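These numbers were taken from a predicted model, which means no experiment stands behind them. Reminder, nothing fancy here: chain letters follow the sequence lines and each chain counts from 1.
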2 protein chains.
Amino acid sequence: MGRHREFDVGEALDAALCVFWRKGYEGTSYTDLTEAAGIDRPAFYSAFGNKESLFRKALDRYYERYMDYIPDALELPTARAVAAHLLYSAVDLNTRYPDHTGCLALHGALAGSDDAEPVRQALIDARAVGEAQLRERFERAKAEGDLPQRSRPEVLAAFVMAVLHGMAVQAKAGFSRAKLEAVAEQALSAWPANDSPIARSPP
Amino acid sequence: MGRHREFDVGEALDAALCVFWRKGYEGTSYTDLTEAAGIDRPAFYSAFGNKESLFRKALDRYYERYMDYIPDALELPTARAVAAHLLYSAVDLNTRYPDHTGCLALHGALAGSDDAEPVRQALIDARAVGEAQLRERFERAKAEGDLPQRSRPEVLAAFVMAVLHGMAVQAKAGFSRAKLEAVAEQALSAWPANDSPIARSPP
DNA sequence: GTGATTTAGTAACGATGATTATCGAAACGT
DNA sequence: ACGTTTCGATAATCATCGTTACTAAATCAC
């Protein structure tokens with residue numbers, strides 16, 4: 001019983017997500033949100049709670065709808081394929097929408113006031129989850145012989161994440177898709193090959 | 001003629017720089033600045049102009065005092081030494097001060113409101129200058145035979161910058177110095193070797 | 001239909017943002 | 001020593017921030 005909602009909650013959340021993606025958590029005002037979603041301030045509060053709660057819901061949706069290439073990547077047969085799929089998918093996502101380039105999980109809240117500390121930490125945690133999944137995948141690859149014994153899965157995971165972060169920063173700075181793909185390719189050129197007589201130079 | 005300033009302008013600028021370093025441009029309030037510098041609001045305005053002008057002065061000082069390893073790096077004899085020096089110096093800077101980790105040129109303003117757009121662009125420009133210097137250095141290395149003919153200096157420069165950005169993000173997330181050094185090492189492991197019979201596997 | 005209940009929308013709230021006007025105090029040149 | 005000039009500090013200004021009462025409209029159960 002009671003009145004029905006006139007607006008679509010999913011659409012409103014998508015609109016908020018795009019604004020957060022472009023301006024970050026603290027850079028986004030409720031005026032921005034209402035203009036983008038076409039609904040009034042109190043409607044946001046009744047539907048999503050306060051601003052922090054809204055951002056967290058937007059972040060969840062972001063991972064569901066846009067970072068869906070992560071589980072796909074982790075299932076690929078080789079560690080190198082996993083890394084390549086992640087890097088090129090990220091380039092695509094970072095440059096797909098001209099009005100909100102880069103990655104929400106990064107510049108949603110990199111630095112900010114003390115009030116934004118909870119969401120900054122939430123983004124750190126979210127990224128840490130992705131890195132842990134990647135590390136575990138690489139540990140499996142090492143156990144399977146896909147990665148050489150001298151390789152360090154946690155370092156490879158951190159390295160791939162660093163390149164992903166760096167490309168997101170560059171995408172936000174306006175870098176072209178082609179340039180970012182070249183960066184990804186360069187990152188992959190260092191990928192540890194499995195032990196073979198002439199594949200690598202002696203240490 | 002007239003009264004002398006009671007506070008040291010350089011110290012006040014350093015204090016402001018550290019706050020910007022930690023909280024970013026928009027995340028920093030004048031209350032933060034006055035508390036850090038120990039001087040009142042109007043003193044900041046009379047000495048540095050408005051907030052944007054203050055941030056630009058802080059950014060200039062940042063490059064002078066903290067990014068002084070860039071010119072040193074560019075003068076090293078080989079492209080690989082240049083990249084290595086940049087990466088490891090950045091790791092050191094990004095983790096040297098526990099209360100303001102990472103890099104001001106990055107999270108000073110990655111995303112933000114429309115008001116912050118000028119400073120965001122200023123940081124993009126500043127980073128582009130560094131990348132251009134690096135690209136020119138690598139072009140010289142290629143001309144000198146230090147880099148193989150098949151290498152692409154602009155890609156190598158963008159790649160090194162991407163890793164630098166990514167490590168800054170990770171430093172701000174609390175990554176240890178050792179972990180970042182491992183990331184830098186992994187990035188360097190891909191460095192194009194000069195053509196020699198056994199140094200690299202055939203394409 | 002009628003009443004209960006939930007939403008939409010207007011408007012206001014207190015707090016804080018950046019930015020100055022103002023005035024007394026201090027330090028210079030002459 | 002004195003007038004001028006600059007600085008330091010209190011406080012006020014205007015805008016905007018996130019958040020919420022409050023009222024009118026709309027939907028359900030009965």
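One finds the CG atom of Leu54(B) at 5.5 Å from the OH atom of Tyr30(B) (value rounded to the nearest 0.5 Å).
The side chain to side chain donor-acceptor pair (under 3.5 Å) test applied to Lys172(A) returns no partner, not counting sequence neighbours. For Asp32(B), the side chain to side chain donor-acceptor pair (under 3.5 Å) criterion is met by Lys23(B), Ser29(B), not counting sequence neighbours. Contacts of Glu75(B) classified as salt bridge (charged side-chain N to carboxylate O under 4.0 Å, His left out), with partners at least two apart in sequence or in another chain: none. Residues forming a salt bridge (charged side-chain N to carboxylate O under 4.0 Å, His left out) with Arg140(B) (at least two apart in sequence, or on another chain): Glu144(B). When the ring pair (Phe, Tyr, Trp, His ring centres under 6.0 Å) test is applied to Tyr62(B), the partners found at least two apart in sequence or on another chain are Trp21(B), Tyr66(B). Partners of Glu136(A) according to the salt bridge (charged side-chain N to carboxylate O under 4.0 Å, His left out) rule, which considers only residues two or more places apart in sequence or in another chain, do not exist here. Under the salt bridge (charged side-chain N to carboxylate O under 4.0 Å, His left out) criterion, Glu117(A) pairs with Arg120(A), sequence neighbours left out.
Near DNA chain D, meaning a heavy atom under 4.0 Å from it, residues 104-125 of chain B has no residue at all. Residues of residues 24-55 of chain B that place a heavy atom closer than 4.0 Å to DNA chain D, in numerical order, are Asp40(B), Pro42(B).
Listed by first then second residue, pairs satisfying ring-ring contact (aromatic ring centres under 6.0 Å, His included) with a partner in residues 115-148 of chain A read Phe138(A)-Trp191(A), not counting sequence neighbours. Applying the salt bridge (Lys or Arg N to Asp or Glu O under 4.0 Å) test to every pair with at least one member in residues 41-54 of chain B, sequence neighbours left out, gives these pairs: Glu52(B)-Arg56(B).
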Contact letters for nucleotides 25-30 of chain D, in which S counts primed atoms plus P, OP1 and OP2 and B counts the base, heavy atoms under 4.0 Å: BBBS--
